[in-house]
Number of protein chains: 2
Amino acid sequence: MEATLDLFKELKSFSEPELQKEILKHAKFIKASKGEILIKEGQYLNFLPIVIKGLLRVYQQNEDREILLYYVGPEQTCMMSLSSAYFDYYSTANGIAMEESEILVLPAHLIAEWQLKYPSWNKFILRTFKSRYDELLNAFGNVAFKPINVRLKEYLTAYIKNESSNKIPVSHQTLANDLGTTRVVISRILKQFEKEKLVKLYRGYIQLNS
Amino acid sequence: MEATLDLFKELKSFSEPELQKEILKHAKFIKASKGEILIKEGQYLNFLPIVIKGLLRVYQQNEDREILLYYVGPEQTCMMSLSSAYFDYYSTANGIAMEESEILVLPAHLIAEWQLKYPSWNKFILRTFKSRYDELLNAFGNVAFKPINVRLKEYLTAYIKNESSNKIPVSHQTLANDLGTTRVVISRILKQFEKEKLVKLYRGYIQLNS
DNA sequence: AATTGTGTGTATCAAAAGATACTTATCTCA
DNA sequence: TGAGATAAGTATCTTTTGATACACACAATT
């Protein structure tokens, strides 16, 4: 856990010395293996997870379909947990570890206490609320107004923006899950994109031309 | 403004004496007439509006369509404004007064200050974030997974839950705007509902059977 | 090599939603 | 009262999306 500890100490959001001391005093560090489900819809959470390393995927489910809400990366926490833990309310989404992840876990009651005590914690919480809200608002507008092919195109271009390569190592099924539709629909649209020379399709990944 | 002042003093969220004094010291009270646009997409806000009386409608727009995000009633504030004012970010939604409304207006910089100073203010802000987030999440799930007829049915039944009567004084166009679709689609579905004896249609309002 | 699972291609059909256009009410207000 | 605005009904056509079913390719494992 030495390495994790070092990672934690580098996080700017918690660099306020008093706060850092407090966190170290009360937090547990846990590991989540790839595919592990951390949060289930309907569940009450009495802890707040902050990701140190790795990636969580938070999504909503509806019978056979699902749709992505957001990812939680290092130095971030999960809106659902925050909401659930702070307000003692059940979660309305699911969370799963996309990769081997290291997570700092805080008892729920500290959220409110530190809100008033530590400005940097206060900022962190509000920043979390705001950025998650913005993400969701954006996703909402997209789902409400844009056809799937446009959303898919935007998803793909957004994907490679953060990467050096323009290979997108994602299956059609995963794309369907993220965008809230079915695999066949994605395959159909991707084939259309290929005809338009926008992409090249391979097993297990997609290459974006541009 | 006497009446407004009295209304304000009754708001539980701000009953903490020190906070109330501060608000009265720094706030302005304004009136918005029906149809007045208070917030525009892209605009920077340096104030936080809290509704004392009346109703604001906050929505997103996309060319010819629009979709409802939420309403802001008495003792509530607008997520967009809060987000914009606190983080110095532009608004990503529009706000319009649905009726003659009375609004308390606070300078943006006080939001952060009071966050640390007044527990009840802190609670108010977080409650705002949470409830707006929940509403949006719910709307998102609906748009992603449910067909319009189901959403419309839910909208109508939710509407009369808060009313004594089962008359819904809303035009088809307004329903279309709230649900993010077009008038013709709404009219078509409502006619179907009428055949199924779920509703009776009149000019300007809808009567729900049950 | 045979088996199994996953990923992809694709055809067919059905349903949902949107676009357009035109008609008929009803209300408002000068 | 009559002109214009708003509300609603409806028919037709197209597009988008979804459901289902099946074939085939590739990979990993035994």
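Below, read A as the first sequence line, B as the second, and so on, with proteins coming before strands; counting in each chain starts at 1.
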Taking atom types as modelled, is there a side-chain donor on B/E66 or B/N62 under 3.5 Å from an acceptor on the other? no
Is it true that the side chains of A/T4 and A/E102 contain a donor and an acceptor less than 3.5 Å apart?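 Per modelled atom types, A/T4 and A/E102 side chains form a pair under 3.5 Å.
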How would you list, by chain and number, every residue that makes a side-chain hydrogen bond (donor to acceptor under 3.5 Å, both in side chains) with [X], sequence neighbours excluded?
X      : result
B/Q192 : B/E196
A/R188 : none
A/T181 : none
A/E154 : A/K146

Tell me which of A/Q173 and B/V184 sits closer to the 5' end of DNA chain C, going by the nucleotide each one is nearest to. A/Q173
Atom [atom1] of [X] and atom [atom2] of [N]: how far apart are they, to the nearest Å?
X      : N      : atom1 : atom2 : answer
A/K200 : C/dT8  : NZ    : P     : 16 Å
A/Q192 : C/dT8  : CD    : C1'   : 17 Å
B/D64  : C/dT20 : CG    : C1'   : 13 Å
B/R183 : C/dC22 : CZ    : P     : 15 Å

Determine whether a donor-acceptor pair (one donor, one acceptor, N or O, separation below 3.5 Å) exists between the side chain of B/R203 and the base of C/dT26. yes
At 4.0 Å (heavy atoms only), tell me whether B/L190 reaches a base, stays on the sugar-phosphate, or touches nothing.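 Counting heavy atoms under 4.0 Å across all strands, no contact is made by B/L190.
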Difference in axis direction between the ends of the helix from C/dA1-D/dT30 to C/dA30-D/dT1, five pairs, 10°: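 Computed from the C1' atoms at both ends, the axes differ by 30°.
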Mind checking which nucleotides bracket the chain A contacts on DNA chain D, 5' to 3', with an atom under 4.0 Å from a heavy atom? D/dT17 to D/dA27
Listing time: all N or O pairs from protein to nucleotides 12-18 of chain C that are below 3.5 Å?
from   : atom 1 : to     : atom 2 : distance (Å)
C/dA17 : OP1    : B/I148 : N      : 3.0
C/dG18 : OP2    : B/T181 : OG1    : 2.5
C/dG18 : N7     : B/R188 : NH2    : 3.3
C/dG18 : O6     : B/R188 : NH2    : 2.9

Residues two or more places apart in sequence or in another chain: which of them pass salt bridge (Lys or Arg N to Asp or Glu O under 4.0 Å) with [X]?
X      : result
B/E194 : B/K191
B/K40  : none
A/D134 : A/K130
A/E135 : A/R132

Could you note down all residue pairs passing ring-ring contact (aromatic ring centres under 6.0 Å, His included) where residues 141-162 of chain B supplies at least one of them, sequence neighbours left out?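 Residue pairs passing ring-ring contact (aromatic ring centres under 6.0 Å, His included), neighbours aside: none found.
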